[in-house]
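Right, one structure below, let's go through it.
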Amino acid sequence: MSTTRYRCTACGNLTRFDVTTTRRTRAFHHFTVGGELQVEDEEVLLEDIEEVSCRWCSSGGSVEEVAGPAT
């Protein structure tokens with residue numbers, strides 16, 4: 001999972017974003033005899049962030065990545 005932080009330059013939001021992501025993963029699927037699934041050892045092979053929009057003002061074009069922890 002990506003840990004990229006974002007900032008909306010339109011409204012100043014640093015905490016709430018809608019992020020659309022496509023991931024390709026490999027994982028170990030462990031089924032119980034009763035058929036319940038437990039997913040273990042999931043590894044992200046490819047991650048593509050398609051869209052990020054601000055949850056507060058719905059702006060997509062004003063969202064930028066923030067380097068390091070936000071202050």
Side-chain angles (χ1 to χ4, degrees):
M1 176 178 281
S2 175
T3 57
T4 303
R5 295 210 56 185
Y6 301 102
R7 173 187 305 131
C8 178
T9 59
C11 72
N13 173 28
L14 286 168
T15 59
R16 303 286 189 272
F17 298 91
D18 292 312
V19 181
T20 304
T21 305
T22 300
R23 285 192 188 99
R24 182 170 180 254
T25 63
R26 176 180 28 226
F28 173 67
H29 285 205
H30 179 191
F31 290 89
T32 66
V33 175
E36 293 182 34
L37 172 63
Q38 183 172 355
V39 178
E40 302 172 5
D41 298 329
E42 186 170 24
E43 176 185 359
V44 177
L45 302 174
L46 178 68
E47 182 176 74
D48 182 32
I49 297 173
E50 298 174 11
E51 180 180 8
V52 180
S53 62
C54 177
R55 179 54 79 96
W56 288 355
C57 72
S58 301
S59 175
S62 300
V63 176
E64 64 182 17
E65 291 186 12
V66 176
T71 56

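Values below: all heavy atoms of this structure, side chains included; hydrogens, waters and symmetry mates excluded.
Note: R26 CZ to E43 CD = 4.5 Å, rounded to the nearest 0.5 Å. Within the model, atoms CZ of R23 and CD of E42 stand 8.0 Å from one another, a figure rounded to the nearest 0.5 Å. How far CD of E64 is from OG1 of T4: 13.0 Å, rounded to the nearest 0.5 Å. Rounding to the nearest 0.5 Å places CG of L37 at 4.5 Å from CZ of F31. Atoms CZ and OG1, on R5 and T15 in that order, are 8.5 Å from each other to the nearest 0.5 Å. For the atom pair H29 NE2 and D41 CG, the distance stands at 11.0 Å (nearest 0.5 Å).
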Margin query: Please determine whether side-chain contact (heavy atoms from CB on, under 4.5 Å) holds for the pair R7 and V63, giving the CA-CA distance in whole Å, both sets of side-chain angles, and the decisive distance to 0.1 Å.
Written below: CA-CA 6 Å; R7 173 187 305 131; V63 176; over 6 Å; no

Next item on the list: Start with the C-alpha gap between C8 and C57, add the side-chain angles, then the distance that decides, and say whether side-chain contact (heavy atoms from CB on, under 4.5 Å) holds.
Entry: CA-CA 9 Å; C8 178; C57 72; 3.6 Å; yes

Next item on the list: Show your working on side-chain contact (heavy atoms from CB on, under 4.5 Å) between Y6 and L14 and close with a plain yes or no.
Entry: CA-CA 6 Å; Y6 301 102; L14 286 168; over 6 Å; no

Notebook entry, point to check: Can you check side-chain contact (heavy atoms from CB on, under 4.5 Å) on V52 and D18, steps first, answer last?
Noted result: CA-CA 6 Å; V52 180; D18 292 312; over 6 Å; no

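Not a single donor-acceptor pair under 3.5 Å links the side chain of D48 to the backbone N or O of E50. Judged by distance alone, with hydrogens and angles left aside, the side-chain atoms of T9 form a donor-acceptor pair with the main-chain N or O of S62 at under 3.5 Å.
Within 6.0 Å of CD in E36 there are 12 or fewer heavy atoms belonging to other residues, nucleotides or ligands.
A pairwise comparison of heavy atoms in C54 and F17 identifies CA-CD2, 3.9 Å as the closest pair. Taking each heavy atom of V39 and A27 in turn, the nearest pair found is CG1-CB, 3.6 Å.
Contact annotation: the side chain of I49 approaches that of V19 to within less than 4.5 Å [non-hydrogen atoms, C-beta and beyond].
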